[in-house]
Amino acid sequence: VVSTDTSGTGFAIWLTDASGEDGPRIAGLLAGELAGRGLRADVVDGHVASAASSDPATTDETPETRARRIAWGCGLLARNGIVAIAWASTPGRDMSPDVRSQIGRLVEVDVAMAGEAPAGQESHGSDEPVTLRTEPGQRPEEAVARIVGRLEELGYVAGRSADAGAAYTPDEESEVTDRLRDLGYL
Amino acid sequence: MQSRPRVLVVALDGVPYTYVQGLFEAGEMPNLRAIHELGPIAQMDTSVPNVSSVAWASFMTGANPGKHNIYGFLDRHLGTSRTYIPTSRDIRAPTILELLSAAGRRVFSMNVPVTYPPRPVNGTVIGCFLSPNLEKASPTPAVFEVLSRIGYQVDADPWRARNDKSDFVPHLVEVFEARMEATRHFWHQERWDFFMTHIMETDRLHHFFWEEMERGDPRVAPAFLDFYRRVDRALGEIRSWVDDETTLVVLSDHGFCSIRQEVHVNSWLAQNGYLSYTSGEPKALADVAPESVAYSLDPGRIYLNVRGREVNGHIEPGAEYERVRAELADALVAMVDPNSGAPMVKRVIPREKLYSGESFESAPDLVMDMVDGYDAKGPFGRAQVTFKGDALVGMHTTPDALLSVSGLELGSTRPNIVDVAPTILDRLGVEAPEEMDGRSLATAVVADV
C-alpha cells in the first residue's frame, strides 16, 4: 500500500465501549456530519475491514484480532486523507498500544463514559491518541454534536463557519456579531 | 375557478399592545384600527426569553424552545466553549413554511427572524437580518436582482444610531420604504397561499428612541409618531389588497419599555463568587475558568457548570445540581439596583418550568425574568454590574405583544405566540402536528363561547 495522503486531513475516530446500537448509530451520524463539512469520511466496520484486509476474519477470532483488523483498515484510510470511523464494544483501555500505533492519528471516544478522565488523556501531542467522552444516556445526535465540537476545538476539523456549507464565513459571522452587539443582543 | 383560503401575515416587530391602545385613544393609527375591527387586537404572551430570534422561532414552529432549539442570539456547542449564532439551520422543529410546503401550499416569507439561511420551501423565502448581506439573504439570483434594484437592505445599520442618533430615523424610513416596495413587488409577482412580510424597523426605532418618546423629547417624539403614521399608511395599503378569501394576521413578538439600567449578569456572578476567568480581560465563554459555578448568556440565561455538559463541568447532575441551582436562584432573585436599592428581578425560572422537548439539553438552567427597565445582558468581564448608556434606551417586555386575526373574535382569550402557527394552519386547512405546543385560536374561541 502506498500512502497518498498529502493533505494531512485523515485521522481515525474510534468509538469505544459502544454497546448495542450506539456504535453504528453514532458512527453513521458522525460520518454524515463530517461529510457535510466537506471531509471524506467513512465507517469501518468488521465487514469492511475483513473485505479489505489481507488478514480476513474467522469465526473464532478474538476481540484483539478483530480490533487489529479494523485498526489496519482505519490506518489505511487515515493515511489517505479520509476520516475513518470505527466502533468497538470493548473499553478503550483494552486497546493495546500496537493497535493504536497501527492507526496513526487517532481520536478515541469513550461512548459509555464513566468516572473522571485520567490525567493526561486529553493530551493531543503528535504521538498520543486523544480521548473524548460522551455522557451516559445522551442521544446519538447530542453525542455527535459534542464529539464534533471537541474535534473543532482540537483542530481536527474546521469550525462550522469555515465550511462552504456553513451559514457564515468567519468574516460574515464577525459582521453579524458586531450588528447583534450594536443592537444590545449579546 | 374555485378559490381557496389564503393567509397574509404582517409582522410588526416589537410593537406593544399597550402602546397601540394608547395611540387608538389618541385617535392615531386609523388603518390599524380598521384592522382591529376586522379582528379585534388581543394582548399576546410571547416566548421566554423574549428576544426576537426565540419569539419568531416559536411563532414559526408553534413550539417552545425545548423543541425548536433557539434560545437566544448566541448559544454554545454542548461540551465546548465555542459559541455560535443560531440560524435557520439550528431550528429542530418543522416551521409553518415547511409544513405548508409539505401540504402543497405555496409560501412567501420576507425578513422573518431566523429564516437565514433560507431553507428550501415550496415558494420563496428571503432571509432575515441575520443574513450577512443581501445576496445571501436571497434564495435565487433573480430575487437578489429585484431586491438590489429596489435598494432593499436586510436591516438598518445600528452603528449609525450609536454614532449619531439624529441621522437614524431618516435611515429607518429609507429601509422601511424599501421593504414596503419589495412587499408590493412580491405581492403582485408571487403566487402564494401564505404570504408574510416582517417589519423590523419598529423594533429598531424602539431600541434607540423609546425613552425619548416616553418623556416627550421634542427632538424625537414627533419623528417617532411620524414613523408610526408611516407604518399605519402601509397597513392601510396592505389591507386594501385583502380579498374575502384572505385572512389577515397582524402580530408583534414582544412589548417595549425604557431601560433604567442594563444589568451585566456575568459581572454580578463574578462579584458574588459564582464565576471566575482564566484571562485578565475576559471576553468570551472560552475565558470562563473551570472552577466557575455558572455563567450567563443574553438575556438572563443562566448555565450551571454541569459535569458532562459543559466543557469543564464539575457540578454533578442530581442532588448537587439541584442544591446549587436553588441557591443561585435565591441569590439572583434578591439582586437589587446598586444605585437605588430597587429589586431588579421579578423571578428566576427553572428550565423545566419553561421548556420541554428534544432540545431540552441545550436549555439554560435558569432564566431571569427581569423587572421592566432592568435589561439583563450577557457580556463577560465588565467592571460594573449595572450600566446606563444613552444609545440603547428601549428593552423588550414579555406580556405585551399583540395579535389580530381577521374574522376571529379573540375576546377574552389570552393567546400565546405559539398559538399563531396552528391558527394559520387551521385557516389553510392543514393539520397541525401533535408536537406543536400551541392550539388553534379558532378552536379556543369556540371553546370559550
Side-chain angles (χ1 to χ4, degrees), chain A residues 33 36-37 109-117 122 130-186, chain B residues 51-53 72-74 76-90 92 116-117 127 129-133 136 154-163 203-204 207-208 259 262 286 297-299 306-309 311 317 358-359 361-362 375 377-379 389 391-392 394-395:
Chain A
E33 175 68 24
R37 292 162 181 253
V109 179
D110 187 343
V111 172
M113 198 272 174
E116 294 295 319
E122 275 278 347
V130 179
T131 298
L132 308 179
R133 293 169 183 277
T134 62
E135 275 292 286
Q138 255 183 344
R139 292 187 304 113
E141 293 82 359
E142 292 166 347
V144 168
R146 189 179 172 81
I147 293 164
V148 173
R150 285 297 284 153
L151 291 174
E152 285 178 7
E153 288 195 329
L154 295 168
Y156 277 81
V157 302
R160 299 173 81 186
S161 57
D163 302 332
Y168 300 115
T169 65
D171 285 348
E172 289 169 349
E173 186 162 7
S174 172
E175 188 180 328
V176 175
T177 299
D178 286 346
R179 194 185 304 160
L180 291 170
R181 189 174 292 118
D182 286 342
L183 287 163
Y185 289 156
L186 297 181
Chain B
V51 293
S52 294
S53 59
F73 281 113
L74 189 72
R76 80 280 191 241
H77 294 293
L78 289 182
T80 79
S81 54
R82 284 175 52 82
T83 54
Y84 67 100
I85 300 168
T87 68
S88 69
R89 294 196 179 152
D90 299 294
R92 289 192 183 162
Y116 172 78
F129 82 100
L130 295 174
S131 311
N133 54 54
K136 293 193 82 168
V154 292
D155 197 4
D157 179 0
W159 177 247
R160 290 175 67 158
R162 286 186 175 266
N163 196 37
D203 177 271
R204 305 309 187 230
H207 272 302
F208 290 105
I259 295 177
E262 293 181 26
L297 298 179
D298 183 281
V306 178
R307 191 180 70 79
R309 190 190 69 191
V311 62
E358 291 196 355
S359 300
E361 174 73 3
S362 307
D375 197 9
K377 297 294 184 191
L392 284 168
M395 63 171 278

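Keep in mind that what you see is a predicted model, and the values were worked out from it rather than measured. Letters A, B, ... are given to chains in the order of the sequence lines, protein chains preceding strands, and every chain is numbered from 1.
At a 4.5 Å heavy-atom cutoff, B/D157 makes no contact with chain A through either its backbone or its side chain. Looking at B/I85, the atoms closer than 4.5 Å to chain A (heavy atoms on both sides) sit in the backbone and in the side chain alike. Both the backbone and the side chain of B/E358 come within contact range of chain A, with heavy atoms under 4.5 Å apart. B/F208 touches chain A through its side chain: at least one heavy atom from C-beta onward sits under 4.5 Å away, while N, CA, C and O do not. With a 4.5 angstrom heavy-atom cutoff, A/L180 touches chain B only via side-chain atoms. Using a 4.5 Å cut-off between heavy atoms, B/R160 makes no contact with chain A at all. Heavy-atom distances place the backbone of B/S131, and not its side chain, under 4.5 Å from chain A.
With rounding to the nearest 0.5 Å, the separation of OG1 in A/T177 from CG in B/L130 is 10.0 Å. Interatomic distance, NE2 of B/H77 versus CD of A/E152, reported as 5.5 Å (0.5 Å rounding). The CG atom of B/L392 sits 8.5 Å away from atom CG of A/D182, with the distance rounded to the nearest 0.5 Å.
Taking chain A as the reference chain and counting heavy-atom pairs below 4.5 Å, the highest number among B/D203, B/T83, B/L74, B/D298 is found for B/D298. In terms of heavy-atom pairs under 4.5 Å with chain A, the best-connected choice from B/R204, B/K377, B/R76 is B/R204.
Across all non-hydrogen atoms, the minimal contact from A/R150 to B/G79 is CD-O, 3.5 Å. In plain terms, the two heavy atoms of B/P379 and A/L186 that are nearest each other are CD-O, 3.8 Å. Scanning both residues, A/R181 and B/R162, for their nearest heavy atoms gives O-NH2, 3.5 Å.
Under the 4.5 Å side-chain criterion, counting only non-hydrogen atoms from C-beta, A/V176 is not in contact with B/Y116.
Ring geometry, A/Y185 versus B/F73: the interplanar angle falls under 30°, so the pair is classed parallel (tilted spans 30 to 60°).
With hydrogens and angles disregarded, a donor-acceptor distance shorter than 3.5 Å links the side chain of A/R179 to the backbone of B/F129.
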